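Here's the structure we're looking at; comments come further down.
Small disclaimer: the values here were computed from a predicted structure and weren't measured. Quick note on labels: first sequence line is chain A, next is B, and so on, each numbered from 1.
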Amino acid sequence: MCNITDKPLDKKFYYQPTLELAKALLGCLLIKETPNGITSGIIVETEAYMGPADRAAHSFNNRRTMRTEIMYGNPGHAYTYSMHTHCLLNVVSGKTDEPEAVLIRGVEPYTGQNLMASRRPKAKNERQWTNGPGKLTKALGITMADYGHPLTESPLWIMEGRKIEATQIVSGPRIGIDNTGEARDYPWRFWLKGNKYVSK
DNA sequence: GGCAAGATTCCCT
DNA sequence: GGGAATCTTGCCC
């Protein structure tokens, strides 16, 4: 399928429209290097957050704070967000001053399974290592320290992975944003049909 | 400084 | 299915 020593995706990859990027990221390989070793997973589930017009987005109505600042810059950077006891990973998209992002909600383990297992002691099976946005960051060792990191460089990057046919991609409403009015129903969540590492 | 809320996960009344 | 866990951010409710 692919070799982990291959090159990261070029910066140009991130300059496509956010909804296109959310679909293009499916099948790509997300890689994280730590002192303990290297882990990677195939992206199987994403959600698009469409900036100022999207009530569910942190950058809704052009809200600009220390936390959302990275989304106003160039695409292709990591937007990590701390949620309760967990950390979530987004890929910044949209050009400068277009604060859009794609949330990574699920990956399929590819390399470093032993390390993932040790980082996810509560998981009862392999599937529970990475079938959720907070789980996959823990399994891969992604933390708030990765905020703003360019996804074209070590130690956290994305490269081409599995080829995905358009017919394998399914879309539907996003998850966990029930109190955001009409934005709740937008079909901006994308996943690979039948993949068991999809969160729901 | 303080407090409320949150794109979640885990465990149990 | 419901509530606790427990950290960061944002705004002063």
| task | Sequence neighbours left out, what pairs pass ring-ring contact (aromatic ring centres under 6.0 Å, His included) with at least one residue falling in residues 134-173 of chain A? | result | none
Determine all donor-acceptor pairs shorter than 3.5 Å in which one atom belongs to a side chain in residues 17-24 of chain A; sequence neighbours excluded.
| residue | atom | partner | partner atom | Å |
| --- | --- | --- | --- | --- |
| A:T18 | OG1 | A:S93 | OG | 2.6 |
| A:T18 | OG1 | A:E100 | OE1 | 2.4 |

| message | Let me check something: do A:W188 and A:L26 share a hydrophobic cluster, defined by ILVMFWY side-chain heavy atoms less than 4.5 Å apart, either directly or through other members? | response | yes
| note | In numerical order, the residues of residues 170-200 of chain A whose heavy atoms come under 4.0 Å of DNA chain C are none
| Which of residues 47-57 of chain A have a heavy atom under 4.0 Å from DNA chain B? | A:Y49, A:A56
| said: Just to be sure I understand the geometry, which residues of residues 127-140 of chain A put a non-hydrogen atom under 4.0 Å away from DNA chain B? | reply: A:G132, A:P133, A:G134, A:K135
| note | Given Watson-Crick and G-U pairs under 3.5 Å, DNA chain B in dot-bracket ([ ] crossing, | other strand) is ||||||.|||||.
| message | Enumerate the salt bridge (Lys or Arg N to Asp or Glu O under 4.0 Å) contacts for residues 42-53 of chain A, please, sequence neighbours excluded, ordered by first and then second residue. | response | A:E45-A:R105, A:E45-A:R189, A:E47-A:R105
| said: Suppose the criterion is salt bridge (Lys or Arg N to Asp or Glu O under 4.0 Å): which pairs have a residue in residues 55-67 of chain A, not counting sequence neighbours? | reply: A:R64-A:E69, A:R64-A:D97
| Partner set under salt bridge (charged side-chain N to carboxylate O under 4.0 Å, His left out) for A:K135, not counting sequence neighbours | none
| field | Start and end of chain A contact along DNA chain B [non-hydrogen atoms, under 4.0 Å] | value | B:dG6 to B:dC11
Pairwise N/O distances under 3.5 Å, protein to nucleotides 6-9 of chain C:
| residue | atom | partner | partner atom | Å |
| --- | --- | --- | --- | --- |
| C:dC7 | O4' | A:H84 | O | 3.3 |
| C:dC7 | O2 | A:H84 | O | 3.4 |
| C:dT8 | O4' | A:S82 | OG | 3.4 |

| message | Strictly distance-based, threshold 3.5 Å: is any side-chain N or O of A:T34 a donor or acceptor partner for the main-chain N or O of A:G141? | response | no
| request: Using the test side-chain contact (heavy atoms from CB on, under 4.5 Å), find all partners of A:E182 that sit at least two apart in sequence or belong to another chain. | output: A:Y186
| said: Roughly how many Å apart are C:dC13 and C:dT9, using the C1' atom of each and rounding to a whole number? | reply: 16 Å
